[in-house]
Structures are given as C-alpha cells and as structure tokens.
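Reading through the structure tokens given below for one structure.
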Amino acid sequence: MDQAIGAYRSITASPEFQEIERLREKARHDEAQALYNAKKEEREKWQGVVAEKETENENLRKKLSELQERLEN
C-alpha cells in the first residue's frame with residue numbers, strides 16, 4: 001500500500017502530470033464559461049423578443065381603445 005501511495009505521489013508531483021491537470025482545469029473552466037455566455041446571449045435574445053411583443057401589444061391596445069371611442073361617439 002505504501003508503494004502505491006508513493007508511486008501516486010511521484011506521478012502527481014511530475015511536471016507533466018501537473019500540466020495535464022492544469023489543461024483539464026482550463027478546459028472545464030472554458031466549457032463552463034462558454035455555457036454561461038450561451039445562456040446569457042439566449043436570455044438577452046428572448047428579453048428583446050418579449051420587449052418587442054410588449055410594444056406591439058401596447059400599440060394594439062391603443063388602437064383598440066381608439067376604435068372603441070369612435071364606436072361610442
């Protein structure tokens with residue numbers, strides 16, 4: 001068991017192993033950042049769509065109100 005632990009420690013202490021671990025961590029970070037940015041862009045896109053539809057609905061409400069006033073007069 002001590003030999004296995006010693007072997008593990010010697011491998012994990014090597015510069016090659018440390019570089020591989022650094023690259024893995026960077027890849028995980030880059031992937032997480034890409035997902036975050038994609039979600040953020042999608043959310044911003046839909047917020048724009050919702051705002052556009054709200055403007056359209058408001059314009060339709062105004063037109064409807066104007067038509068109702070004409071019919072009442």
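As a basis for the values below, the full set of heavy atoms in this structure was taken, side chains included, without hydrogen atoms, waters or symmetry mates.
Residues passing the side chain to side chain contact (heavy atoms under 4.5 Å, CB included) test with Glu56 are Glu52, Lys53, sequence neighbours excluded. With sequence neighbours left out, the salt bridge (Lys or Arg N to Asp or Glu O under 4.0 Å) criterion links Glu66 to no other residue. Under the rule for a side chain to side chain donor-acceptor pair (under 3.5 Å), the partners of Arg24 that lie at least two apart in sequence or sit in another chain are Glu21. Qualifying side chain to side chain donor-acceptor pair (under 3.5 Å) partners for Gln18, counting only residues two or more places apart in sequence or in other chains: none. Shown here are the salt bridge (Lys or Arg N to Asp or Glu O under 4.0 Å) partners of Glu58, two or more places apart in sequence or in another chain: Arg61. By the side chain to side chain contact (heavy atoms under 4.5 Å, CB included) test, Thr12 pairs with Tyr8, Phe17, sequence neighbours left out. Annotation: salt bridge (Lys or Arg N to Asp or Glu O under 4.0 Å) contacts of Arg28 (sequence neighbours excluded): Glu25. With sequence neighbours excluded, no residue forms a salt bridge (Lys or Arg N to Asp or Glu O under 4.0 Å) with Lys63. Taking the side chain to side chain contact (heavy atoms under 4.5 Å, CB included) definition, one finds that Glu19 meets it with Arg22, Leu23, sequence neighbours left out.
Alongside Leu71, the hydrophobic cluster contains no other residue (criterion: ILVMFWY side chains under 4.5 Å).
To the nearest 0.5 Å, atoms CG (Leu67) and CG (Leu60) are separated by 10.5 Å.
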Using atom types as modelled, flag every donor-acceptor pair under 3.5 Å from a side chain in residues 29-46 to any protein atom, sequence neighbours excluded.
unit_1: Asp30; atom_1: OD2; unit_2: Lys26; atom_2: NZ; d: 2.8
unit_1: Asn37; atom_1: ND2; unit_2: Gln33; atom_2: O; d: 3.3
unit_1: Glu42; atom_1: OE2; unit_2: Trp46; atom_2: NE1; d: 2.7

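In this structure a side-chain-to-backbone donor-acceptor pair under 3.5 Å is present from Thr55 to Ala51.
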